[in-house]
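To start, the structure itself, in structure tokens.
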Amino acid sequence: MKVGDIELKNKIIIAPLAGYTNIAYRKIYKEMGASLVFSEMISAKGLLYENDKTWELTNTSSEEHPVAIQLFGGDASDMHNATLMLDKRDDIDIIDINMGCPVRKVLKAGAGSAIIEDPKKVYEIVKAVVSATSKPVTVKIRAGIDHNNINCVEVAKMAEAAGAKMITIHGRTRSDMYHGKVNLDYIKMVKEVVSIPVVGNGDIKTIEDAKKMIEYTGCDAIMIGRATIGNPWFIRDLVDYFNGEKLKAAPTSLEKIDMMEYQFNEMLKIKSEKNAVLEMRTLANYYVKGFKKAKELKMRIVSLKTKNEFYQFIKDLKEEENIWN
């Protein structure tokens with residue numbers, strides 16, 4: 001599968017996740033075999049206003065290529081100008097446009113899934129971004145505003161006509177938010193009307209979910225989001241399965257603890273101690289899921305404030321086997 005002139009080595013793609021898919025996260029999932037990783041959703045206006053925190057989100061590392069930067073914004077001019085700035089960077093491979101986010105704050109800005117209300121605006125924004133870069137431009141959409149307004153086919157056609165090189169479709173509507181089941185028919189509909197690669201997204205929690213989505217919809221690749229949090233081994237298993245390789249043993253509790261420590265070390269390289277601890281507190285809850293005393297551990301995790309406290313927590317986990325086994 002190729003996105004413009006960029007070749008992906010397999011069908012497994014990591015979704016952009018606000019608050020999660022930073023350099024440390026992406027590096028780990030690349031090591032697990034993912035073919036493409038995405039930044040967190042980044043505001044075009046924030047880039048244009050030279051906001052330091054926004055620009056930090058565009059940082060990449062040499063270990064994670066190819067990597068896509070996902071932009072959001074409701075104004076074609078802003079998206080064009082922000083893309084001009086990103087186009088100068090040789091450490092970014094793909095520019096992605098978010099037209100799927102259903103969060104109210106994003107919708108108020110006329111961005112995210114607000115854009116798909118008007119297919120002409122879809123064309124206008126994609127065209128504006130494409131005209132500002134030599135990098136492949138991709139688009140992430142939802143099936144429609146609600147189940148009475150399913151317009152993903154028209155939106156996908158407009159995006160392709162404007163120059164998009166790949167479309168990712170989440171099989172829910174904006175009104176669904178993250179509830180209910182993904183409708184694979186919507187993904188299949190898009191795949192049948194465009195000639196560029198189509199990526200299916202939503203509700204992939206098992207290998208069987210992934211297999212079903214690909215077989216039913218004919219999509220070229222799958223994008224996994226929430227199911228990857230605290231579970232990088234899921235990506236490893238998906239890559240092995242679709243490569244026809246024997247699946248490896250499930251991670252042991254000790255391997256989960258080691259991965260938590262590894263991710264924390266990587267976070268400290270790119271964030272302040274305070275922010276690294278705060279973000280790892282959330283991730284640690286996922287890593288200890290299924291442990292014997294998970295409830296007690298989660299209560300302790302929320303109290304961690306310094307890196308030394310976090311390292312002590314990890315040390316205790318390793319030494320007190322009865323906590324997790």
Side-chain angles (χ1 to χ4, degrees), residues 12-34 37-40 57 61 63-64 178 202-210 222-241 247-325:
I12 312 304
I13 297 173
I14 302 299
L17 292 170
Y20 291 101
T21 51
N22 51 48
I23 290 176
Y25 195 103
R26 299 192 305 258
K27 178 184 176 183
I28 289 170
Y29 288 79
K30 270 288 185 175
E31 290 170 352
M32 287 294 180
V37 291
F38 281 72
S39 72
E40 301 176 55
L57 295 175
S61 66
E63 298 101 327
E64 57 181 311
Y178 300 100
D203 280 359
I204 298 176
K205 301 172 185 175
T206 65
I207 289 176
E208 189 57 39
D209 292 336
I222 51 174
M223 178 180 281
I224 303 95
R226 288 175 291 171
T228 68
I229 302 172
N231 188 18
W233 301 276
F234 182 40
I235 298 306
R236 177 200 68 184
D237 290 347
L238 285 170
V239 171
D240 286 348
Y241 177 81
L247 296 185
K248 299 174 179 65
T252 64
S253 297
L254 190 55
E255 285 175 323
K256 291 179 181 180
I257 297 166
D258 285 340
M259 182 62 77
M260 188 196 315
E261 183 176 21
Y262 177 47
Q263 190 160 3
F264 184 50
N265 289 335
E266 292 299 315
M267 292 273 275
L268 286 170
K269 294 177 184 178
I270 62 170
K271 293 180 178 290
S272 67
E273 177 180 344
K274 179 182 178 181
N275 287 337
V277 171
L278 285 173
E279 292 189 26
M280 277 306 301
R281 286 194 333 200
T282 300
L283 287 165
N285 282 304
Y286 287 91
Y287 279 115
V288 302
K289 187 177 179 180
F291 281 22
K292 185 177 178 181
K293 296 186 178 180
K295 187 175 181 180
E296 292 91 329
L297 292 174
K298 289 178 180 180
M299 290 177 66
R300 182 175 172 188
I301 288 168
V302 77
S303 70
L304 301 175
K305 294 183 174 62
T306 68
K307 68 179 181 181
N308 288 337
E309 288 177 357
F310 203 95
Y311 282 131
Q312 184 61 51
F313 171 69
I314 291 171
K315 184 173 182 288
D316 291 346
L317 283 179
K318 289 181 178 182
E319 293 177 351
E320 300 174 33
E321 185 176 341
N322 66 309
I323 289 176
W324 42 265
N325 213 0

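All figures in this text were calculated on a predicted structure; none of them were measured in a lab. Numbering of residues begins at 1 and proceeds along the displayed sequence.
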Side chain to side chain, F234 and L238, heavy atoms closer than 4.5 Å
yes
So does K271 have more than 12 non-hydrogen atoms from other groups sitting under 6.0 Å from NZ?
yes
Can you tell me how far CD of Q263 sits from CD of E279, rounded to the nearest 0.5 angstrom?
10.0 Å
Is there a side-chain contact between F313 and M280 (heavy atoms, below 4.5 Å)?
no
State, yes or no, whether a side-chain contact exists between V37 and Y25 at a heavy-atom distance under 4.5 Å.
no
What is the distance from atom NZ of K307 to atom CG of L268, rounded to the nearest 0.5 Å?
6.5 Å
Can you find a heavy atom in the side chain of R26 that is under 4.5 Å from one in the side chain of I14?
no
Verify side chain to side chain contact (heavy atoms under 4.5 Å, CB included) between Q312 and D316, making sure each step is shown before the conclusion.
CA-CA 6 Å; Q312 184 61 51; D316 291 346; 2.8 Å; yes
Given side chain to side chain contact (heavy atoms under 4.5 Å, CB included), test I323 with E296 step by step and report yes or no.
CA-CA 9 Å; I323 289 176; E296 292 91 329; over 6 Å; no
Hey, mind stepping through D203 and D209 against side chain to side chain contact (heavy atoms under 4.5 Å, CB included) and telling me if it holds?
CA-CA 7 Å; D203 280 359; D209 292 336; 5.8 Å; no
Do the side chain of Y20 and the main chain of T228 share a donor and acceptor less than 3.5 angstrom apart?
no
Looking at OG of S253 and CD of E321, how far apart are the two atoms once the value is rounded to the nearest 0.5 Å?
8.5 Å
Within the side chain of E40, is there an N or O that forms a donor-acceptor pair under 3.5 Å with the backbone of G19?
yes
Would you say the side chains of E63 and S61 form a donor-acceptor pair under 3.5 Å?
yes
To the closest 0.5 Å, what do you measure between OH (Y178) and CZ (R226)?
7.0 Å
Between R281 and V302, which heavy-atom pair has the shortest distance, and what is it?
NH1-O, 3.1 Å
Give me the atom names and distance for the closest heavy-atom approach of A249 to R236.
O-NH2, 3.0 Å
Say you draw a straight line from CG of D237 to CD1 of I207; how long is it, rounded to the nearest 0.5 Å?
5.0 Å
Rounded to the nearest 0.5 Å, what's the gap from CG on L278 to CZ on F310? Could you check?
11.0 Å
Heavy-atom closest pair, residues Y287 and M260:
CB-CE, 3.6 Å
Taking atom types as modelled, find out whether E261 and N265 have a side-chain donor-acceptor pair closer than 3.5 angstrom.
no
Any side-chain heavy-atom pair from Y286 and N231 closer than 4.5 angstrom?
no
Is there a side-chain contact between N22 and M267, using heavy atoms and a 4.5 Å cut-off?
yes
Within a strict 4.5 Å, meaning less than it, do heavy atoms of the L297 and L317 side chains meet?
yes
Do I12 and I222 make a side-chain contact, defined as non-hydrogen atoms from C-beta onward lying under 4.5 Å apart?
yes
If you compare all heavy atoms of A15 against all heavy atoms of T21, which two are closest, and at what distance to 0.1 Å?
O-CG2, 3.3 Å
Full working for side chain to side chain contact (heavy atoms under 4.5 Å, CB included) between L17 and F38:
CA-CA 8 Å; L17 292 170; F38 281 72; over 6 Å; no
Closest non-hydrogen atom pair between I235 and A34, with its separation:
CG2-N, 3.9 Å
If I compare all heavy atoms of P232 with all of M32, which pair ends up nearest, and what's the gap?
O-CG, 3.4 Å
